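Throughout, protein chains are lettered first and strands after them, A, B, ... in sequence-line order, and every chain is numbered starting at 1. Because the structure is predicted, anything quoted here is derived from the model rather than measured.
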2 protein chains.
Amino acid sequence: MSTSPTSSPVTIRDVARAAGVHVSTVSRALSPEKRSLISDEVLRVVEEAAQRLGYRPNRAASALRTGRTHTIGVLVPDITNAVFPPILQGIEASAAARGYFVFVTNVVDPTLARPVLERMLAQRVDGVILATATRDDPLVDFVVKAGLTTVLVNRADETGRLPAVVSDDRLAMKLAVDHLVGLGHKRIAHLAGPQNIPTGVGRSLGVEQALRDHRMKPFRVVECASYSREAGAAAMKQMLAAGAAPQAVVCCNDLVALGAYDALREAGLRVPQDISVTGHNDMPLVDMVDPPLTTIRLPHRELGWRSAEMLFAEIDGAAMSASTVVLRPELVVRKSTRAPAAR
Amino acid sequence: MSTSPTSSPVTIRDVARAAGVHVSTVSRALSPEKRSLISDEVLRVVEEAAQRLGYRPNRAASALRTGRTHTIGVLVPDITNAVFPPILQGIEASAAARGYFVFVTNVVDPTLARPVLERMLAQRVDGVILATATRDDPLVDFVVKAGLTTVLVNRADETGRLPAVVSDDRLAMKLAVDHLVGLGHKRIAHLAGPQNIPTGVGRSLGVEQALRDHRMKPFRVVECASYSREAGAAAMKQMLAAGAAPQAVVCCNDLVALGAYDALREAGLRVPQDISVTGHNDMPLVDMVDPPLTTIRLPHRELGWRSAEMLFAEIDGAAMSASTVVLRPELVVRKSTRAPAAR
DNA sequence: ATGAAAGCGCTAACAC
DNA sequence: GTGTTAGCGCTTTCAT
């Protein structure tokens, strides 16, 4: 029976007056933790009054008093990149379940992250989740010094000072390599990610290790300037220019793989007849491209969810002692890979 | 020379003491509007002290005092849907430029929107942007009654009570239809969007009108249950079951078009040889599917940016009197459309 | 079980 | 140009 939700200058005092009790009683009655201290009768009256007046506790006031804003911040490098929305979704779901709100910021330029964090500090967020950390990120230093509760997602902290939730990049690449080797490929190349980003080096290491397990070495490796289609195309082009084409190429991510498609097509090479390609992420629609991409699926939403859960645990005082949670990726075989042509 | 950004219990009082002035002087000195009232000398001293101590104004306190939180909320139905991230990006860019933060909430179930708004009201957001409004949305009523500054994006308010920023759905469909007619198609069908969503009806109207302009009528129309690939496939299947296949089908959105691809392929029909297909949105990767989709491109980022700008104008007191801004979409021709086969 | 009172950090009248 | 004062709405001792 919520009445007219008109503009609400109704304060706790109004409720107290209406209920004929003191404001502190109202405060207690409306607090889940303290309501046990109040008699059933008063509880009823207060709740009725609050309801009737359309009372909405002013969070700013409560934040000022308690120092807790029920607010967290998230920094993502590019919300337009399909891996981040599911992560955000996971974070937001966890936050909403606790009555928290999430400030989402799109930090295009890494140097702009610092001022954003400054503003978040001013807003007194209860914690932040960083999806932006590069290797040796000064931001890690900053949040640690500032005493800001922080969790990393999708990118771990190599210095081990911050808890993180990541996917197992090494395993991911091993799945791809094993699949290719199983198909009979010998000359397996790698389109590597930027080596200043944790996932970039992790995946490169994974490829090398997996190949080594088969007593093989990367046929050729080219580093991409970024996780983008353009960078992938450029890198593939460069690889092709370097000599004989590989039989298969393991890409650091889907976008790069699609860029490789572009370059390969331009060079008159067919996927998978002439060359097999694998991606990483299983972005939406990669099952519809031509040919459907064999790739690695990540539990993106869970990555977000878990990171938020860790953050809230820390906010609630459970020192996580910088643990890193590693989630398992899985191989999704489609049409971009097949056995190499007989020679 | 910002010193150790340690946990900051440093208040305006500490700065005042360090600078040897009164707190109100500090407040003024640090406020862009009021700093002109302060002597250069004092200004210098205060700024130096603030800097040195690592002072960060407590926004919660300021919000309590002024009633302004420098915070806005955004409700999106599905952040995972590729149209929304660019919109969010536009909103966030506009907000960041003003020192505002954005609460992003993913409202899966429309019935959950109300409690989310209640919480936003409690947080005292300065305004909200709704990307979720359905037709005759009770939410519109709610925010109007609550006196919450609101702008709609991507979906207009038919009752005209709220300002909105939308893309021209009628024009979009006209572009698609004209293209198809120009190619020589006669039997043009429509896979319509949910008719309880403004864009759904807008686009349907657009198709009908455009066809009428050519003295034609829709060859067949099926409404999709949602803007999804599955719904598109189901609708296309249903259409096919209804009798002779159309020569071309105009889809309400890209996902639906891709669903149509699925159903068509299953039915042994080739795109575009047997049937032409158009989409709407120009999602990432639809240029890489097989065949590359002819579609309508929207200025998504600008949609977001403009809506935020309108919201801030209203927050700053410029009554926008519920104006609706309509942005122009554009046709992107790819490989899913061609002239009908000679019979 | 409830009331009284203080104060979180800031801003805005209002003095001077 | 700067200081004084009051108070935003809430929570939390401390009494009773």
Give the rounded distance in Å between these two atoms: [atom1] of [X] and [atom2] of [N].
{"X": "A:L37", "N": "D:dT12", "atom1": "CG", "atom2": "P", "value": "12 Å"}
{"X": "B:I12", "N": "D:dT5", "atom1": "CD1", "atom2": "P", "value": "17 Å"}
{"X": "A:D14", "N": "D:dC10", "atom1": "CG", "atom2": "C1'", "value": "13 Å"}
{"X": "B:R56", "N": "C:dC10", "atom1": "CZ", "atom2": "C1'", "value": "17 Å"}
{"X": "A:I38", "N": "D:dT11", "atom1": "CD1", "atom2": "C1'", "value": "13 Å"}
{"X": "B:H70", "N": "C:dC10", "atom1": "NE2", "atom2": "C1'", "value": "12 Å"}
{"X": "B:Y55", "N": "C:dG9", "atom1": "OH", "atom2": "C1'", "value": "7 Å"}
{"X": "A:Q123", "N": "C:dC10", "atom1": "CD", "atom2": "C1'", "value": "14 Å"}

Side chain of [X] (C-beta onward), nearest among [options]:
{"X": "A:N58", "options": "D:dC10, D:dG1, C:dA12", "answer": "D:dC10"}
{"X": "B:L64", "options": "D:dT12, C:dG9, D:dG3", "answer": "C:dG9"}
{"X": "B:T66", "options": "C:dA1, C:dC10, C:dA12", "answer": "C:dA12"}
{"X": "A:H22", "options": "C:dT11, C:dA4, D:dG3", "answer": "C:dA4"}
{"X": "B:R28", "options": "C:dA13, D:dT11, D:dG1", "answer": "C:dA13"}
{"X": "B:R65", "options": "C:dC10, D:dT12, D:dT2", "answer": "C:dC10"}

Salt-bridge test for B:R44 and B:E48: reply yes if a basic N is under 4.0 Å from a carboxylate O, no otherwise. no

salt_bridge(A:R306, A:E309) N-O dist < 4.0 Å: no

Under 4.0 angstrom between [X] side-chain N/O and [N] OP1 or OP2:
{"X": "A:S24", "N": "D:dT11", "value": "no"}
{"X": "B:S39", "N": "D:dG1", "value": "no"}
{"X": "A:S27", "N": "D:dT11", "value": "yes"}
{"X": "A:R13", "N": "D:dC8", "value": "yes"}
{"X": "B:K34", "N": "D:dG1", "value": "no"}

Under the ring-ring contact (aromatic ring centres under 6.0 Å, His included) test against A:H70, which residue among A:Y100, A:F312, A:F103, A:F101 passes? A:Y100

Audit row: A:T159, A:R161, side chain to side chain donor-acceptor pair (under 3.5 Å) steps and yes/no: CA-CA 6 Å; A:T159 67; A:R161 286 174 297 173; 3.0 Å; yes

Determine whether a donor-acceptor pair (N or O, by modelled atom type, separation under 3.5 Å) exists between the side chain of B:E92 and the backbone of A:N106. yes

